[in-house]
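Below you'll find the structure, written out as structure tokens, and then a few comments.
All ligand and atom numbering here is 1-based and tracks the order in the structure. This is a predicted model, so every value here is computed, not measured.
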Amino acid sequence: MQLMNARWNGQFSCFDLVAKSDECSRTIVTVGDIEIGGDDFIVMAGPCAVESERQLMQTAEAVAAAGARILRGGAYKPRSSPYSFQGMGVAGLKLLRKAREATGLAIVTEVMSGEDVDLIAEYADLMQVGARSMENYSLLQALGRCECPVLLKRGLAATLEELLRSAQVIAMNGNQQIVLCERGIRTFETATRNTLDIAAVPVLKTVSRLPVIVDPSHAAGVRSLVPILARAAAVVGADGLIVEVHPAPDQAMSDGEQSLTFEQFRNMMADLQPYLAIREDAQRLSPQLVVNGGTD
Ligand code: PEP
Ligand code: MN
């Protein structure tokens, strides 16, 4: 055992449905026949936004062939600018369903409002709460009442305590199938779009029972950094990734600069292999939480 940290215990144990406890040390989130938080490293990939049938089907086939298990694609987009593309809505959801039928990939897509939960749950296998919605409590409550697993992204300026507080809101309302996502936080650094808080992974894996994945695309903001950050995520013990991929990133309607081409995604997946082999070691090296008492 490496380290005990009583302070974390005090800070996080109040979120009793998502914190690690003597009774429950890990939750496996089941998405169809996929287990997140188990032994496998689960990669979710696809475009930022669903733009057309051709774009989505081509991407779905390419990412499935490269080893992704879950297709991402926003049909409802929370854009920083009101003048940007806001997503295809229901037509986009229908394309996601079609891509699932064609490839067998499960679907993760964003839900922005509590009112949309029932509709989107008809199409999604995993409901994404975007960074901008992490503290939308009426949305979190509605997701708590729904049967579908939830991917909860860390807010742009949220602490890990706040992230787990939001997870607790979902769990308190009845849904404990929650995956956490570190997607970079806003700092004074401008060379990258956000700052990937890589330490968030072992901290969350220590204090929480929930699986943790990393989004290197929104963290980096530039595609050349995505494979190396993906590698870092594997090495620190993440349970998977969510990555943006587009057939022609330069023509993407959103987040093209951070989207990988098919070839780059294929290479990223192949290059990850040796790092996945040492990923289990992260568990051994990670600090251990002593739930009842303990010292620094
Ligand atoms: C997205 O996944 O395309 C997205 C908008 O992510 P985030 O909420 O992390 O900014
Ligand atoms: Mn995006």
Any donor-acceptor N/O pair, Arg7 side chain to Gln11 backbone, under 3.5 Å: no
[X]: numbered ligand 1 atoms lying under 4.0 Å from its heavy atoms:
X	answer
Gly130	8 (O)
Cys48	3 (O)
Gln128	1 (C), 2 (O)

May I ask which of Glu110, Glu182, Lys77 has a heavy atom nearer to atom 3 (O) of ligand 1 than the others do? Lys77
Run down the list Lys153, Glu244, His218 and name the one with the heavy atom closest to atom 5 (C) of ligand 1.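 Looking at heavy atoms only, His218 sits closest to atom 5 (C) of ligand 1.
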Of all the N, O or S atoms in Glu244, which has the shortest distance to the Mn ion (ligand 2)? OE2
What atom name does the N, O or S atom of Asp255 nearest to the Mn ion (ligand 2) carry?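 Answer by atom name: OD2.
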Taking every non-hydrogen atom, the tightest pair across [X] and [Y]:
X	Y	value
Ile107	Leu96	CD1-O, 3.4 Å
Ile120	Thr109	CG2-CG2, 3.7 Å
Ala45	Ala68	CB-CB, 4.2 Å

With Leu241, the side-chain contact (heavy atoms from CB on, under 4.5 Å) member among Leu229, Leu272, Asp215, Val226: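 It is Leu272, the one option of Leu229, Leu272, Asp215, Val226 that forms the side-chain contact (heavy atoms from CB on, under 4.5 Å) with Leu241.
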Check: Glu244/His218 side-chain N/O donor and acceptor closer than 3.5 Å: yes
Minimum-distance protein heavy atom relative to [atom]:
atom	result
atom 2 (O) of ligand 1	Arg72 NH1, 2.8 Å
atom 8 (O) of ligand 1	Ala131 N, 2.7 Å
atom 9 (O) of ligand 1	Arg183 NE, 2.7 Å

Can you establish whether the number of heavy atoms outside Glu189 located under 6.0 Å from its atom CD is more than 12? yes
Close approach of Gly74 to ligand 1, heavy atoms, under 4.0 angstrom: no
Identify which one of Arg72, Arg79, Arg193, Arg183 satisfies the salt bridge (charged side-chain N to carboxylate O under 4.0 Å, His left out) criterion when paired with Asp255. Arg193
